[in-house]
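Residue numbering restarts at 1 for every chain, and letters A, B, ... go by the order of the sequence lines.
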Protein chains: 2
Amino acid sequence: MEDEELMTIREMCAAFGVTPRTLRFYEAKELLFPQREGQKRLFTRRDRGRLKLILRGKRFGFSLEEMRQLLDLYDRGDAQEEQLKRTYEVARERLAQMERQRDELNEAIEELKGQLEWGAEMIASFRRPAAE
Amino acid sequence: MEDEELMTIREMCAAFGVTPRTLRFYEAKELLFPQREGQKRLFTRRDRGRLKLILRGKRFGFSLEEMRQLLDLYDRGDAQEEQLKRTYEVARERLAQMERQRDELNEAIEELKGQLEWGAEMIASFRRPAAE
DNA sequence: AGGGCAGTTGACGTTAACGTAACCCCGAAC
DNA sequence: GTTCGGGGTTACGTTAACGTCAACTGCCCT
């Protein structure tokens, strides 16, 4: 409980590959709650855990606001079943969203591929007089 | 060359499922060039063709600016080979981008699925005393 | 005293694609 | 005469996630 391994903003940036601005921004958005030593921020183990989840969430396409809500659930509920279930559902919804998005993207890809073949024919038809 | 079949803004909106604001916006961005009858806009066949391509492009994830450039190529070059090739390349690049995006999305989906299974276990472990 | 660096706050800028008033004009209908 | 419908223009608002200053403060070094 003592060696919290507090980290400065620079160390955090280096460790997670983000800018200072980002960390301050996350604090303003109440995603992180670094301690203060005078003016300076000192990030705790908890902050690191949260940041890790935040960055992971971003990869999943969660917005910062969504992540804040999820993190709050983790915090407030001392891991109560109801809250875990809620989190689980949110994640499942997001997953469904992502799958829909992927499917749409695939459709668009196929359609674009079709167009490209068409375009290729057109170009080819300009090379030769189009008469076989 | 005479029956241009001019359409009012309302008709265009109905035909393409967009708002007037959108059409005016596209004109401001030089994507459309409706004629004027006094104040009123009258959309030509050419505008309809362009709008159709624009909306198709949007589904592919092209930005309006990208579409503007592509449309300008179509216009200026009277279908010259060089310009078709250019268009083709832009489209191919975009396609590659989309495929990368899809792959990333798929990775994220798989990862999230993994997390969900983990979450499901956790929840289950709260139901029963976790001792088999 | 002066430099230099690390950190802070505050506030405005950015990008995309429109939405949303607010206010004006014009012709037809009641 | 007036209200309604359908235009039009100008211009500010929106959303997300930071970027980019500017102006300080505090501390170590020499």
(message) Using the rule that Ile, Leu, Val, Met, Phe, Trp and Tyr join whenever any side-chain heavy atoms are under 4.5 Å apart, tell me whether B:Leu42 and B:Phe33 fall into a single cluster.
(response)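 Different clusters: B:Leu42 never reaches B:Phe33 through Ile, Leu, Val, Met, Phe, Trp or Tyr contacts under 4.5 Å.
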For atom [atom1] of [X] and atom [atom2] of [N], their distance in whole Å:
X	N	atom1	atom2	answer
B:Ile9	D:dG5	CD1	C1'	15 Å
A:Phe43	C:dT8	CZ	C1'	12 Å
A:Arg10	C:dA6	CZ	P	6 Å
A:Phe16	D:dC18	CZ	P	15 Å
B:Met67	C:dC18	CE	C1'	17 Å
A:Glu65	D:dA17	CD	C1'	13 Å
B:Phe25	C:dG19	CZ	P	10 Å
B:Met12	D:dG6	CE	P	18 Å

Presence of [X] side-chain N/O under 4.0 Å of [N] phosphate oxygens OP1/OP2:
X	N	answer
A:Arg68	D:dA16	no
B:Thr19	C:dG19	yes
A:Arg24	C:dT8	yes
A:Tyr26	D:dC18	yes
A:Thr8	C:dG7	yes

(message) Looking at B:Asp72 and B:Arg50, is there a salt bridge between them, counting it only when a charged N and a carboxylate O are closer than 4.0 Å?
(response)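 Yes, charged N to carboxylate O under 4.0 Å.
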(request) Carefully, step by step, assess A:Glu65 and A:Arg68 under the rule salt bridge (Lys or Arg N to Asp or Glu O under 4.0 Å). (result) CA-CA 5 Å; A:Glu65 174 55 17; A:Arg68 194 186 59 73; 2.9 Å; yes
(request) Return each pair, listed once, that meets salt bridge (charged side-chain N to carboxylate O under 4.0 Å, His left out) where at least one residue sits in residues 17-38 of chain B; pairs must be two or more places apart or across chains. (result)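 Applying salt bridge (charged side-chain N to carboxylate O under 4.0 Å, His left out) to every pair that reaches into residues 17-38 of chain B, excluding sequence neighbours, yields B:Glu27-B:Arg36, B:Glu27-B:Arg41.
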(request) Would you list the pairs meeting side-chain hydrogen bond (donor to acceptor under 3.5 Å, both in side chains) in which at least one residue belongs to residues 9-20 of chain A, sequence neighbours left out? (result)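 Found A:Thr19-A:Thr22.
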(message) Of the listed nucleotides (C:dT9, D:dT9, D:dC18), which one gets closest to any side-chain atom of B:Arg41?
(response)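 Looking only at heavy atoms from C-beta outward on B:Arg41, the closest nucleotide is D:dT9.
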(request) Please round to the nearest 0.5 Å and tell me the distance separating atom CZ of B:Arg102 and atom CZ of A:Arg102. (result)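 Separation between the atoms: 9.5 Å.
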(request) Write down the atom of B:Tyr26, the atom of B:Lys58, and the distance for their closest heavy-atom approach. (result)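 In terms of heavy atoms, the two residues are closest at OH-CD, 3.7 Å.
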Are any protein N/O atoms closer than 3.5 Å to N/O atoms in nucleotides 20-28 of chain D? If there are, list each pair with its distance.
from	atom 1	to	atom 2	distance (Å)
D:dT20	O4	A:Arg21	NE	3.1

